[in-house]
Amino acid sequence: MRVDLGGIRMKNPVTVASGTFGYGAEYAKLVDVTRLGAITVKGIRLQPWSGNPLPRHVEVPGGMVNAIGLQGPGVEGFARDYMPFLRTTGVPVIVNIWGTSEEEYAEVARRLSEVEGVSGLELNISCPNVKEGGNAFGTDPRAVSSLVATVRRATRLPLMPKLAPNVPDIKLFVRAAQEAGADALALINTLPAMVIDIETRRPILANKVGGLSGPAIHPVAVKLVWEAAQVARVPLLAMGGIVGPDEAIEFLIAGASAVAVGTANFIDPTTPLRVLEGIEAYLRRHGMNSVAALTGSLCMTNPATNVEP
Amino acid sequence: MRVDLGGIRMKNPVTVASGTFGYGAEYAKLVDVTRLGAITVKGIRLQPWSGNPLPRHVEVPGGMVNAIGLQGPGVEGFARDYMPFLRTTGVPVIVNIWGTSEEEYAEVARRLSEVEGVSGLELNISCPNVKEGGNAFGTDPRAVSSLVATVRRATRLPLMPKLAPNVPDIKLFVRAAQEAGADALALINTLPAMVIDIETRRPILANKVGGLSGPAIHPVAVKLVWEAAQVARVPLLAMGGIVGPDEAIEFLIAGASAVAVGTANFIDPTTPLRVLEGIEAYLRRHGMNSVAALTGSLCMTNPATNVEP
Amino acid sequence: MMKDVTCRVIGQVPLTAGYWALDMEAPGLAEAAQPGQFVHVRVPGLEPIALRRPFSIFGAGGTTLKLLYKTVGRGTAQMNRLAPGDSVQVIGPLGNGFPLAPQGEPLLVAGGYGVAPLAFLAERLPTKGVVLIGGRTADDVLAVAAFERLGWIVRVATQDGSLGETGLVTVPLDRELARLREAGVTPELFSCGPDGLLRAVGERAIQAGCRGWLSLDKHMVCGVGACLACVQRLRREDGTEWIGRVCRDGPVFEAREIVW
Amino acid sequence: MMKDVTCRVIGQVPLTAGYWALDMEAPGLAEAAQPGQFVHVRVPGLEPIALRRPFSIFGAGGTTLKLLYKTVGRGTAQMNRLAPGDSVQVIGPLGNGFPLAPQGEPLLVAGGYGVAPLAFLAERLPTKGVVLIGGRTADDVLAVAAFERLGWIVRVATQDGSLGETGLVTVPLDRELARLREAGVTPELFSCGPDGLLRAVGERAIQAGCRGWLSLDKHMVCGVGACLACVQRLRREDGTEWIGRVCRDGPVFEAREIVW
Ligand SMILES: Cc1cc2nc3c(=O)[nH]c(=O)nc-3n(C[C@H](O)[C@H](O)[C@H](O)COP(=O)(O)OP(=O)(O)OC[C@H]3O[C@@H](n4cnc5c(N)ncnc54)[C@H](O)[C@@H]3O)c2cc1C
Ligand SMILES: Cc1cc2nc3c(=O)[nH]c(=O)nc-3n(C[C@H](O)[C@H](O)[C@H](O)COP(=O)(O)OP(=O)(O)OC[C@H]3O[C@@H](n4cnc5c(N)ncnc54)[C@H](O)[C@@H]3O)c2cc1C
Ligand SMILES: Cc1cc2nc3c(=O)[nH]c(=O)nc-3n(C[C@H](O)[C@H](O)[C@H](O)COP(=O)(O)O)c2cc1C
Ligand SMILES: Cc1cc2nc3c(=O)[nH]c(=O)nc-3n(C[C@H](O)[C@H](O)[C@H](O)COP(=O)(O)O)c2cc1C
Ligand code: FES
Ligand code: FES
């Protein structure tokens, strides 16, 4: 079940999605986090950041919309308060990072490179919930290229940009990121979304807009992962709407090397382990001896059918 | 309840989404279609078109993914076989049109301008299910601009481009379309999506990819409608995930002048009429005497709360 | 004339493993139902936006509508929970049924839950004949007693030999056809089942020079012809082809119409 | 120590209009429960991905976990259907409860379903005192008998005057505080209810120079501190501010900690 996610050596292909599993410690009493392939933590910028006002989330059919706004303790706070526990898990730690300028991203990467136990960086260039940083960087291939190149120079850690889903052609971004030195790619982040309270006629989220996650976005994510896989020369970490093994296996077949469980953690914290066991069972049942055998195994020829209209 | 949708005079703000209500006649035995604000028919190109092989749809959480592929009878077939019934309804008929070249779009528009009873054209530049035409036109503002200008020259009918949702900045497309002569704008079309059968490891849809519709996409649609309304000088027709009055009212508050019910027709064909009655009741309850009072009434200041983190 | 009716469940009974017979009060719908037509069911308990499920009409008498269904997925599994008094939204009757004035001696060929429309047909046809029922195992052979009660001769074939003769139902079909041919009787075939069976029945109808009415099972969305999810390439008498909507133009087609 | 437990419903009873008391077998969870802690309930029958709903622990004895809830939306409406024997996934006990060794004379102030944690607290506090219950109408006044059975003095205020005195619960609160002040007794306030009430109670605690324990009701997602949906700006003793997670660092805070 081993997977090498662009230098992040995972003992299995299942991690958690940034922002849905805190800093690993919060769920550790409910889930054996040492069984995860990696732990991906909430987005971190250089300094502590207070995020958006409340309400920060709203439930919608098929998922939720959130606008947490990347609240976090900053690099120092993270290293001091959360890394000690994370190191005890023995599991690779992927840190999701962001900034409001290329320099900030680079500086965060530089500092985290010196923190013991950090295994890789997920570059968040696709958060719909902050004005600067986030989605603005992620929706212009040149900006992605320039940002990834800058951060690349600042660290030797495996670098995994997390692409924005709200683009017409994800392939441009895959190429831009990998040519600029990305070791892996993560997708997808939440879809920009909005929910209005029709009685008050105000947006429910204090931030007005937020990001849609959960099963609602799964078919969109599969399409993007599959499309990305057409041109990706680096491994893909897929996420978006995984609630059990089936959605994860879809991602692997579409071309992902590993998967991350997000929103489902909130409802059933054992989801990542169920997904893991389900993938194992699937591989056994289909006589496959590695995740790699499943990755990108999508067969594009339809079976002979009488289905031509 | 009257609404002027860029020259399409609707007696109320509720229509049906193209492709989900056939050519009006199919549901006429179940629903009093004469009560609709307009009837929007399935996409039509110049010649008959056979669409995609089967399977053409798959059910997913929060909706469905379809890849019908714009099967249709062509302009002549439509005018001959379906317009006679539509004319008897006395309801404005909006024809959804497409082509594989600017010339084809223009020619379809030209011919439909001569068909009695056609009240407006919805320009489908955002269908994810056909190779040419559709989404390719809709994701490049220059292509949109050029196409709309060309079709504009071909017809005096109200022209309503239907924008693609999978773009980082919908405002560019709103501006491009209205500057090129659009009278109204429709959004959103389905989100590009894919579903894989994990046992056969094949895409479920014969077309491989399709479009996600239903409640799953509603918060995404609200965000895009709201954003479009920031720069739109023409009325907006909003759709995506309406299942009852509430989702429709959200769209109106976000800035739409009218709404279209899509996927929900398949589950409950009375949805458009329920939506209509719900909007009426809402206006009454809030002492508003026109739909226009609701359109764009979103209040962006949050109530004073203790919610700063 | 199709209607959107709120039906009340009268009751349902499990038949063989996985198969159920469901009776509902469907006033205004049941009276209009013809054999071969179907209904589109909004399964209570699925998410509000779950698609409707299509089922052939298994029987209709007075205001009672009868369905026979096999539990194959989440919708039918949910239907297992329906209890007397429950409300179910049903659209129907939909589509075009079987012709009820056959020109030949009726020979019915059912595969699995394909017996459903044929049992209703057997009830309404003016003449009785033979019905052939095929299934994988004995569990897939339904409604034998119902056909016999109506005076039909039933022959069963199962692939595993657990009921009737062993093998595909086309084996007794070919025997029946040979018998009728020898007797100089023109048969008229009526079939419902998986595509493979329908195709085989259709080929035999063409070969025998008789009419063969096939009820197609396509995944559906709207059920009324509005969405184009259920299309089938068809051939007109003049040989030109067109694309029909199984829900509206079918689900019953004559063997020669279908371009497989 | 929080646990993810499959609970079995023992039963539930409707209280006043819209309010229910729900008892479940929660082995491993109930034993550890402390007043002021809460549980995170996966409501059966909602879509699989519906968020969990947080509820204060209304009582815990042996392996039995008691909740008291008000029907306010689709989750709680669905909970009304829970029947004995049903399984419910529950995570808990979560958060930090009330201190159980008060320095002053306990004075409890409940608003609506805010009685839930206070009733559990009343059971576990070493000394009895007065509990003030406020509500819009008589229907919003719960658990009076339970408090009285435990030896607490109950005073009720309703906004419409349908039970107890008319007006906000802060009126009897001010009277109680005056009485205690005159008697030279330092009170210790414990409150749960809507933000407006908590704020009013907190202000009075600060004014009276006593401790005031407030249990906050914030919308939650994870319930364990992982998502940052439920944050609250807080003040340390040294005056510096920080952002706490109500689910993990609360839901109970001392009045002076909270930056409203
Ligand atoms: C005209 C017609 C008549 C039918 N009559 C009967 C009948 O009398 N008895 C009976 O048991 N079944 C009948 N079927 C098949 C029945 O519709 C499916 O078995 C049922 O929809 C499966 O639903 P599910 O949720 O249990 O399965 P799932 O596989 O969970 O369903 C997923 C989706 O696929 C569709 N689907 C799955 N299988 C089929 C299928 N075989 N045909 C059409 N759609 C399918 C469902 O409607 C749903 O949209 C008929 C189908 C058609 C088109
Ligand atoms: C720590 C804590 C303890 C609570 N204890 C109790 C209790 O003992 N008894 C009781 O009746 N209620 C209690 N509540 C409130 C209870 O959680 C909500 O009433 C319930 O979640 C409403 O769910 P719904 O689906 O019926 O409402 P909906 O409005 O349909 O819910 C929509 C979403 O909003 C959330 N939500 C709605 N209202 C609240 C609220 N007041 N607080 C938090 N989230 C909310 C829901 O959890 C859900 O995610 C408590 C809340 C918190 C945070
Ligand atoms: C509450 C919440 C917080 C999130 N925070 C972050 C974040 O800090 N950085 C980031 O890159 N993505 C963040 N995401 C996005 C997720 O990592 C993930 O990409 C997305 O939720 C899709 O997966 P899902 O559908 O399984 O939740 C967050 C998502 C949620 C729901
Ligand atoms: C089966 C189906 C067919 C569709 N056909 C068309 C079409 O021909 N032209 C078009 O512009 N949009 C088409 N659409 C998109 C809808 O008009 C609508 O934009 C979309 O479904 C979102 O609305 P909904 O969520 O309410 O369904 C189709 C959608 C569905 C589900
Ligand atoms: S199911 Fe919609 S056209 Fe047949
Ligand atoms: S609910 Fe997730 S941090 Fe409190």
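Lettering follows sequence order; numbering is per chain, from 1. Computed from a predicted structure; not experimentally measured.
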Open item on the list: Evaluate I253(B) against I198(A) for side-chain contact (heavy atoms from CB on, under 4.5 Å), listing each step before the verdict.
Closed with: CA-CA 8 Å; I253(B) 295 171; I198(A) 64 169; 4.0 Å; yes
Open item on the list: Run the side-chain contact (heavy atoms from CB on, under 4.5 Å) test on M300(B) and K208(A) for me, step by step, so that the C-alpha distance in whole Å, both residues' side-chain angles and the decisive distance to 0.1 Å come before the verdict.
Closed with: CA-CA 8 Å; M300(B) 289 300 285; K208(A) 279 91 187 179; 2.8 Å; yes
Open item on the list: Please evaluate residues M194(B) and L298(A) with respect to the criterion side-chain contact (heavy atoms from CB on, under 4.5 Å), reporting the C-alpha separation (whole Å), side-chain torsions for both, the decisive distance (0.1 Å), and the verdict.
Closed with: CA-CA 12 Å; M194(B) 183 177 207; L298(A) 185 67; 3.6 Å; yes
Task: Residues V195(A), E250(B); criterion side-chain contact (heavy atoms from CB on, under 4.5 Å); working and verdict - done: CA-CA 8 Å; V195(A) 183; E250(B) 265 191 79; 4.0 Å; yes
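Contact detail for P168(A) and V167(B): the closest heavy-atom pair is CD-CA, 4.2 Å.
In this structure, the side chains of L191(B) and L191(A) come closer than 4.5 Å at one or more pairs of heavy atoms.
Heavy atoms of other residues, nucleotides or ligands lying less than 6.0 angstrom from CZ of R142(B) number 12 at most.
Screening I196(A), V60(A), I204(A) against P219(B) for a side chain to side chain contact (heavy atoms under 4.5 Å, CB included) leaves a single residue, V60(A).
Looking at L212(B), the atoms closer than 4.5 Å to chain A (heavy atoms on both sides) all sit in the side chain, from C-beta outward. Only the side chain of V65(A) comes within less than 4.5 Å of a heavy atom in chain B; its backbone stays farther off. Proximity to chain B involves both the backbone and the side chain of A254(A), based on heavy atoms less than 4.5 angstrom apart. Proximity to chain A is limited to the side chain of Y282(B), based on heavy atoms less than 4.5 angstrom apart.
Here the side chain of K223(B) pairs no donor or acceptor atom with the backbone of V209(A) at under 3.5 angstrom.
Listed options V243(A), I217(A), V222(A) were ranked by heavy-atom pairs under 4.5 angstrom with chain B; first place goes to V222(A). Contact count against chain B (heavy-atom pairs under 4.5 Å) is highest for D246(A) among V58(A), D246(A), L252(A).
Atoms CG and CD1, from N166(A) and I170(B) in turn, are 10.5 Å apart once rounded to the nearest 0.5 Å. One distance of note links SG of C299(B) with CZ of R201(A); it measures 9.0 Å at 0.5 Å rounding.
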